[in-house]
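Just the heavy atoms: all of them, side chains too, but no hydrogens, waters or symmetry mates, feed the values below. Note on naming: letters A, B, ... go to the chains in the order of the sequence lines (proteins, then strands), and numbering restarts at 1 for each one.
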Amino acid sequence: MPTERYNAPDRERHWQHVWEKDQIFQASEDQEQPKCYVLEMFPYPSGRIHMGHVRNYAMGDVFARYKRAKGFNVLHPMGWDAFGMPAENAAMERKVHPGKWTYANIDTMRSQLKSMGLSLDWSREIATCSPTYYRHQQKLFLDLLKKGLAYRKSSKVNWDPVDQTVLANEQVIDGRGWRSGALVEQRELTQWFFKITDYAEELLDDLGTLVNWPEKVRLMQANWIGRSEGMLIRWALEKETAPKGFTELEVYTTRPDTLFGASFLAVAADHPLAKAAAEKNPDLAAFCEECRRLGTSVADIEAAEKRGFDTGVRAAHPFDKNWQLPVYVANFILMDYGTGAIFGCPSGDQRDMDFARRYDLPIVPVILPPGEAAETFDLKGKAYVEDGTMINSRFLDGLTTKAAFEEIASRLEKQKLADRPQGTRKVNFRLRDWGISRQRYWGCPIPIIHCEKCGVVAVPEKDLPVTLPEDATFDKPGNPLERHPTWKHVTCPTCGEAATRETDTMDTFVDSSWYYVRFTAPEAETPVDMNAASYWLPVDQYIGGIEHAILHLLYSRFFARALCDTNHLTFATNTREPFAALFTQGMVTHETYNSQDGFWLLPNDVRVEGEGAGRRAIEIATGRPAIIGATEKMSKSKKNLVDPDDIIAHYGADCARWFMLSDSPPERDVIWTEAGVSGAGRFIQRVWRLIDEILEAYPQKPSKKPETFGPDALELRKAAHRALDSVGKAIEALRFNVAVANIHEFSNVLQAILSRNEASVPWAAHEAAALLVTMIGPMMPHLAEECWARLGYNTLLANEPWPVAEPDLLVDDQVTIAVQVNGKRRDELVVSRTANREEVEAAALKLGSVVRALEGRAPKKVIVVPQRIVNVVG
RNA sequence: GCGGACGUGGUGGAACCGGUAGACACACAGGACUUAAAAUCCUGAGACGGUAACGUCGUGAGGGUUCGAGUCCCUCCGUCCGCACCA
């Protein structure tokens with residue numbers, strides 16, 4: 001009697017309800033089990049979940065469920081990264097309050113996530129836009145301020161004059177605002193910063209401890225932090241040439257060894273010396289202005305030639321008072337790296353050489369490459385940047401590059417200019433402090449009051465949270481907080497005079513820099529519950545997109561340390577790293593389709609026929625052929641979207657999960673295909689039928705385990721226990737595609753053996769069925785739960801431990817080993833697992849295929865690798 | 001320009017520490033069942049030659065190390081990613 005098909009949507013709702021009712025995924029820290037904190041990057045509530053979320057959360061859920069089964073006390077929370085621009089844009093476009101829009105999206109997405117059957121502890125749900133979250137963030141801000149880790153400074157920003165807001169560098173496209181299209185201006189604004197640079201060294205050094213992070217991410221962070229070792233060198237300026245008040249110029253260099261190859265100094269257009277010199281020189285002023293305008297776009301910078309303007313100022317070489325070098329303003333010098341000033345050594349730096357050529361400055365080689373002779377060495381128009389032997393460098397001649405560095409450093413450290421050492425060693429970082437001010441409404445208000453008398457005043461803690469006013473207007477560009485009629489007007493907490501609130505809000509990256517801490521005690525009265533945090537942290541497995549490789553992860557690493565240093569957090573182990581292991585999953589991609597008039601088409605609006613070269617798409621609505629485009633990341637703009645809701649309603653969540661985990665290695669992109677999904681759906685029905693067939697053939701599991709097993713039963717048991725072992729290992733290593741393959745393989749064996757009639761098969765079949773169900777449990781939890789119940793167990797599979805594979809079943813008595821002659825495979829040999837070299841060698845040499853391949857030659861050597869291979873060399 | 005990753009059948013991909021390349025799946029082809037379709041089941045399949053046994057070739061290209069290389073080393077080609085006047 002064949003059972004009906006497995007009705008996934010119906011059964012999934014049922015089991016989700018059971019799990020929720022029993023609250024089995026709620027975590028608490030007071031248990032004696034080892035803990036495991038599994039976290040996926042929380043979503044921005046944009047409206048609906050997309051396939052990228054499905055993939056991310058399916059992976060995290062497999063890991064969390066597996067760890068639970070392995071006896072860990074698992075924390076697996078979910079929340080919302082709920083502040084940000086899209087809500088404010090929606091407010092502008094649809095006249096809906098950002099909060100209303102956001103919370104409506106959260107409701108939708110929460111129920112979508114719930115329909116995926118994730119083993120989440122929903123009691124810990126947090127939304128960063130809730131005052132119950134951001135009030136703690138404001139407290140943290142104040143503590144960072146006290147500690148000197150938050151400060152205000154004037155800095156250059158990209159200003160969009162139409163939207164009246166600051167733009168991040170990524171939002172400036174070809175020098176124009178990404179929304180307004182207006183030409184972006186450079187403006188000086190006073191902004192709040194976090195002093196991430198204080199931790200530059202530590203953040204770099206500790207990357208070495210993150211052995212369970214992708215090498216790629218560590219490398220990207222290391223490059224971003226960008227440590228370089230060099231020197232600050234002060235150059236005396238010739239009095240009659242220097243502007244008033246300027247007696248010296250300090251430059252930063254990583255190559256003090258090339259000091260005798262110097263032929264000019266150069267400063268950034270914003271350098272004080274440039275500004276002072278420009279006052280008396282309109283042409284120079286015009287040049288500086290031109291440089292500033294160029295500053296915006298990366299593309300412009302690339303295209304720009306190395307250009308400069310001689311300020312007329314002259315500097316004296318540190319080792320030769322009579323050697324005067326010109327000081328230029330140059331367009332390739334950055335004000336915010338080093339000191340905004342360099343010395344140029346044309347032979348040792350390509351930029352400097354280009355510059356020297358253009359302005360006819362001397363090019364003196366100072367480093368001789370290994371193997372070259374000083375008399376014949378020719379730069380051939382290219383700067384030599386590698387190590388070598390010093391030439392044309394007076395007291396350095398003959399030294400290696402490294403020794404020359406040391407020699408210059410120690411001399412300049414002793415040599416005085418105006419009573420201070422003329423040179424000091426200095427480690428420099430590319431990393432800048434983190435500017436967190438945003439001129440926007442939908443973000444965490446910065447809890448500061450500006451008073452004319454008292455200056456910058458912290459909002460007293462008793463007045464926290466500083467909440468956003470509900471009645472803001474979004475009908476025009478600019479910051480709604482700034483133009484709100486009353487919100488910003490307050491009295492100064494210190495003097496009681498009229499004062500104004502800070503109207504900037506915090507970058508949303510601040511919200512996500514500590515949410516993983518808050519999850520450990522989401523209701524705590526203080527930002528962090530130290531006990532809970534030190535129990536759960538660090539996150540044992542963090543999973544998310546590679547797009548956060550730098551900013552979010554770096555900011556979080558900074559925040560963990562800042563929280564420690566403001567006494568909010570301690571780690572139980574000797575680390576300050578928030579994420580012990582990181583996994584970056586690939587994207588979900590799909591084919592794109594275009595109509596003949598050049599519009600993007602949804603996959604649902606297209607019918608695809610044929611295959612291979614004959615594959616074509618037809619626009620369903622019009623019946624006209626459509627163009628099949630490239631396979632790309634699913635995106636709204638290209639309409640190559642598949643809605644998870646549709647898939648879950650049609651095939652079920654297990655199917656979507658299974659497909660996401662199959663085939664593609666999790667770190668690579670997965671191509672979403674209809675064929676793949678229906679294949680996953682077929683496998684679900686197959687498992688269901690398989691369980692059905694077992695129950696039909698052997699309705700009851702024999703209560704007594706047979707003393708001995710026949711060959712078929714033994715084969716089945718071996719396959720089952722091996723699969724159990726390898727699936728566990730694969731999940732542990734997040735190699736879900738391999739786990740899926742192992743399960744397929746095992747179910748093939750199970751199916752094949754069912755038809756055999758052997759006394760010990762029924763028991764083994766029931767054991768195998770239970771193991772199969774256990775193995776698919778983390779990936780397809782609903783189907784597994786349903787099968788588990790059908791097999792007669794009255795427990796929840798989600799609460800069951802991961803069984804231990806029987807070691808005896810994992811090894812074979814007989815092994816098949818390959819036999820090679822001269823490295824070429826000729827035959828195979830079945831031998832006892834414990835056979836010694838002599839036995840294997842003798843057996844191999846007897847093989848007809850070996851004798852034939854040797855063509856009468858005597859074997860010169862026989863290599864035996866036990867249990868693997870025999871290679872006869874002859 | 002600098003740094004990095006990757007390159008395996010028609011497709012996605014397996015292959016522990018250098019030891020039987022192509023597991024598993026998708027797609028495909030043939031067959032069974034069916035009035036038919038769907039579903040399901042069975043069979044086949046890297047390429048070339050051969051009825052077959054079998055042989056030769058085969059992991060982007062070329063070279064090297066080794067008894068043995070998809071895996072290690074060198075050179076090159078291609079794809080993707082990150083950074084980029086960083087002194």
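- For RNA chain B, the neighbouring residues in residues 722-738 of chain A, judged by any heavy atom under 4.0 Å, are Arg735(A), Asn737(A).
- Against the 90° criterion about 0, the sugar-base torsion of rC76(B) places it in the anti range.
- Between rA47(B) and rG58(B), the distance separating the two C1' atoms is 7 Å to the nearest Å.
- Look at the C1' atom in both rA61(B) and rG49(B): the space between them is 26 Å, to the nearest Å.
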Check nucleotides 65-69 of chain B for protein N or O atoms closer than 3.5 Å to its own N or O atoms and list the pairs.
from, atom 1, to, atom 2, distance (Å)
rC67(B), O2', Asn871(A), ND2, 3.0
rC67(B), O2, Asn871(A), ND2, 2.6

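- Shown here for Ala262(A) and Phe343(A), the closest heavy-atom pair between the two residues is CB-CD1, 3.5 Å.
- Checking rC83(B) for Watson-Crick or G-U wobble geometry (two distances, each under 3.5 Å) identifies rG1(B) as its partner.
- Rounding to whole angstrom units, CZ of residue Arg234(A) and P of rA87(B) are separated by 23 Å.
- Val819(A) pairs in a side chain to side chain contact (heavy atoms under 4.5 Å, CB included) with only one of the listed residues (Leu847(A), Ile869(A), Leu845(A), Val840(A)), which is Leu847(A).
- Between Arg358(A) and Asp354(A) no salt bridge is recorded (no basic side-chain N to carboxylate O distance below 4.0 Å).
- Under the 4.5 Å side-chain criterion, counting only non-hydrogen atoms from C-beta, His721(A) is in contact with Leu810(A).
- As rounded to whole Å, 22 Å separates atom P of rG18(B) from atom CZ of Arg825(A).
- The shortest side-chain heavy-atom distance between Met779(A) and Ile731(A) falls under the 4.5 Å cut-off.
- Under the Watson-Crick or G-U wobble criterion, with both distances below 3.5 Å, rA69(B) is left unpaired in every strand shown.
- The two atoms that bring Val364(A) and Ser347(A) nearest to each other are O-OG, 2.8 Å, heavy atoms only.
- Base pairing of rG44(B) is made with rC28(B), judged by Watson-Crick or G-U wobble geometry with both donor-acceptor distances under 3.5 Å.
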Protein-nucleotides 38-46 of chain B N/O pairs closer than 3.5 Å?
from, atom 1, to, atom 2, distance (Å)
rU40(B), O3', Arg689(A), NH2, 3.4

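- Sorted by first and then second residue, the side chain to side chain donor-acceptor pair (under 3.5 Å) pairs with a member in residues 856-866 of chain A read Glu855(A)-Arg857(A); sequence neighbours excluded.
- For the C1' atom pair drawn from rU75(B) and rA27(B), the interatomic distance equals 38 Å after rounding to whole Å.
- If you look at Tyr359(A) and Phe264(A), their ring centroids are not closer than 6.0 Å.
- Using a 4.0 Å heavy-atom distance criterion, Arg227(A) is classed as making no nucleic acid contact.
- Rounded to a whole angstrom, the distance from the P atom of rG30(B) to that of rA14(B) is 31 Å.
- Not one side-chain nitrogen or oxygen of Arg852(A) sits closer than 4.0 Å to the OP1 or OP2 atom of rC54(B).
- As judged by a 4.0 angstrom heavy-atom cut-off over every strand, Thr253(A) is placed among residues touching the sugar-phosphate backbone only.
- Here rC6(B) sits opposite rG78(B) as a Watson-Crick or G-U wobble pair (both hydrogen-bonding atom distances under 3.5 Å).
- Between Arg430(A) and rA84(B), a side-chain N or O to OP1/OP2 separation shorter than 4.0 Å is present.
- Closest approach of Ile196(A) to Arg432(A), counting heavy atoms only: CG2-O, 3.3 Å.
- Between Ala675(A) and Trp224(A), the residue whose closest nucleotide on RNA chain B is further toward the 5' end is Ala675(A).
- Taking the C1' atoms as reference points, rG55(B) lies 33 Å from rC76(B), given to the whole Å.
- Among the atoms of the strands shown, none is found under 4.0 Å from any heavy atom of Asn742(A).
- The minimum heavy-atom distance between Pro859(A) and Val872(A), with the atom names listed, is CB-CG1, 3.7 Å.
- Closest contact between the side chain of Asn331(A) and the listed nucleotides rC86(B), rC85(B), rU56(B) involves rC85(B).
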Practice item. Starting at the 5' end of nucleotides 1-9 of chain B, put B wherever the base has a protein heavy atom under 4.0 Å, S where only the sugar-phosphate does, and a dash everywhere else. Key: --SS-----
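- For Trp672(A) and Phe659(A), the ring centers sit closer than 6.0 Å to each other.
- Using a 4.0 Å cut-off, some side-chain N or O of Tyr337(A) falls inside it from OP1 or OP2 of rA87(B).
- When all heavy atoms of Ser263(A) and Leu325(A) are compared, the closest pair comes out as C-CD2, 3.5 Å.
- Within 4.0 Å (heavy atoms only), Glu828(A) reaches at least one base atom of the nucleic acid.
- Across all strands shown, Ile333(A) has heavy atoms under 4.0 Å from base atoms, whether or not it also approaches the sugar-phosphate.
- Side-chain contact between Tyr6(A) and Asp654(A) is present, with heavy atoms from C-beta onward closer than 4.5 Å.
- rA52(B) is unpaired under the Watson-Crick or G-U wobble criterion, no partner having all donor-acceptor distances under 3.5 Å.
- When the nucleotides rU56(B), rC16(B), rA25(B) are ranked by their closest atom to the side chain of Arg868(A), rC16(B) comes out on top.
- Side-chain contact between Met51(A) and Val642(A): present, with at least one pair of heavy atoms (C-beta onward) separated by less than 4.5 Å.
- Nucleotides rU71(B) and rC86(B) are separated by 37 Å at their P atoms, to the nearest Å.
- Under 3.5 Å, the side chains of Asn428(A) and Ser228(A) contain no donor-acceptor pair of N or O atoms.
- Atom C1' of nucleotide rC85(B) and atom CZ of Phe332(A) are separated by 7 Å, given to the nearest angstrom.
- Each of rA21(B), rA25(B), rA87(B) was ranked by its minimum atom distance to the side chain of Tyr252(A); first place goes to rA87(B).
- In this structure, Asp827(A) and Asp663(A) both approach RNA chain B, and ranking their closest nucleotides by distance from the 5' end singles out Asp663(A).
- Picking from rC16(B), rU20(B), rC86(B) the nucleotide with the shortest atom distance to the side chain of Arg351(A) gives rC86(B).
- For the pair Glu250(A) and Arg234(A), the salt-bridge criterion is not met [side-chain N within less than 4.0 Å of a carboxylate O].
- The shortest distance between side-chain heavy atoms of Phe332(A) and Arg307(A) does not fall below 4.5 Å.
- With distances taken from any side-chain atom of Leu334(A) to the nucleotides rA87(B), rU20(B), rC83(B), the minimum falls on rA87(B).
- Annotated as anti: rG60(B), whose O4'-C1'-N torsion sits more than 90° from 0.
- In the model, Gln751(A) has a side-chain atom that pairs as donor or acceptor with a side-chain atom of Arg686(A) under 3.5 Å.
- With P as the reference atom, rA37(B) and rG44(B) are 24 Å apart, rounded to whole Å.
- Among the atoms of the strands shown, base atoms are found under 4.0 Å from some heavy atom of Thr816(A).
- For rA29(B) and rU34(B), the P atoms lie 23 Å apart once the distance is rounded to whole Å.
- Phe683(A) has its ring centre less than 6.0 Å from the ring centre of His744(A).
- Pairing partner, rA14(B): none, since no Watson-Crick or wobble contact has both distances short of 3.5 Å.
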What N/O pairs connect the protein and nucleotides 57-60 of chain B at under 3.5 Å? Give each pair on its own line.
from, atom 1, to, atom 2, distance (Å)
rC57(B), OP2, Lys824(A), NZ, 3.1

